Amino acid sequence: MLQKPKIVKLRALRSPRKFGVAGRSCREVLRKGCLRFQLPERGSRLCLYEDGTELTEDYFPSIPDDTELVLLTSGQAWQGCE
C-alpha cells in the first residue's frame, strides 16, 4: 500500500521563494525541489527550516504536512531560522 504524499514547503538557501512540493519520500521531494530551483541533485540534501536537522528517509514519514524545508547543495550549511 502506497503512503499518502506529504506536502511540504520548500525553499533553497539563497532564494526568497518558497514552493509547495508533494512527495512520498525524502528522495522524491529532493528530486522535485532540485528541478524547481534548477539545482544539482547530486550532493543536495534537505534540512528542517526550524532547526537545521537533516532529513533522512527514516525521519521523513514523521514530519507533519506543511513542514518548511531548506534545500542545500554540496558545501552549504543551515543552522536553523533562529
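Note that the coordinates shown come from a computational prediction; the quantities given were computed from them, not determined experimentally. Side chains are part of it too, since the values below use all heavy atoms of this structure and drop only hydrogens, waters and symmetry mates.
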- Task: Check step by step if salt bridge (Lys or Arg N to Asp or Glu O under 4.0 Å) holds for D65 and K4.
- Result: CA-CA 11 Å; D65 280 346; K4 176 183 153 214; 3.7 Å; yes
- Message: Please determine whether side chain to side chain contact (heavy atoms under 4.5 Å, CB included) holds for the pair L55 and V29, giving the CA-CA distance in whole Å, both sets of side-chain angles, and the decisive distance to 0.1 Å.
- Response: CA-CA 11 Å; L55 217 56; V29 171; over 6 Å; no
- Determine, step by step, whether T67 and F60 satisfy the side chain to side chain contact (heavy atoms under 4.5 Å, CB included) criterion, reporting the C-alpha distance in whole Å, the side-chain angles of both residues, the deciding distance to 0.1 Å, and the verdict. CA-CA 10 Å; T67 297; F60 184 78; over 6 Å; no
- Test L72 against C47 for side chain to side chain contact (heavy atoms under 4.5 Å, CB included), laying out the working first. CA-CA 7 Å; L72 301 173; C47 292; 3.5 Å; yes
- Task: Show your working on side chain to side chain contact (heavy atoms under 4.5 Å, CB included) between L71 and S44 and close with a plain yes or no.
- Result: CA-CA 7 Å; L71 194 155; S44 294; 4.3 Å; yes
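Closest approach of R27 and E57 over heavy atoms only: N-OE2, 2.7 Å.
The existence of a salt bridge linking R45 and E54 is confirmed by a sub-4.0 Å separation between a basic side-chain nitrogen and an acidic carboxylate oxygen. Between E68 and R11 there is a salt bridge, since a side-chain N of the basic residue sits under 4.0 Å from a carboxylate O of the acidic one.
Atom OG of S74 sits about 10.0 Å away from atom CZ of R42, to the nearest 0.5 Å. In this structure, the separation between CZ on F37 and CZ on R14 is 14.0 Å, given to the nearest 0.5 Å.
No path of Ile, Leu, Val, Met, Phe, Trp and Tyr side chains, each step under 4.5 Å between heavy atoms, connects L39 with Y49, placing them in separate hydrophobic clusters.
Of the possible polar contacts, none joining the K9 side chain to the L69 backbone as a donor-acceptor pair under 3.5 Å is found. Proximity of a side-chain donor or acceptor of K32 to a complementary backbone N or O of A22 within less than 3.5 Å is detected. One N or O on the side chain of K6 and one on the backbone of I63 form a donor-acceptor pair closer than 3.5 Å.
There is a side-chain donor-acceptor pair under 3.5 Å between T53 and D51. Inspection of the T73 and Q76 side chains reveals an N or O donor paired with an N or O acceptor under 3.5 Å.
Y59 places a side-chain heavy atom less than 4.5 Å from the side chain of L48. In this structure, the side chains of C26 and L46 come closer than 4.5 Å at one or more pairs of heavy atoms.
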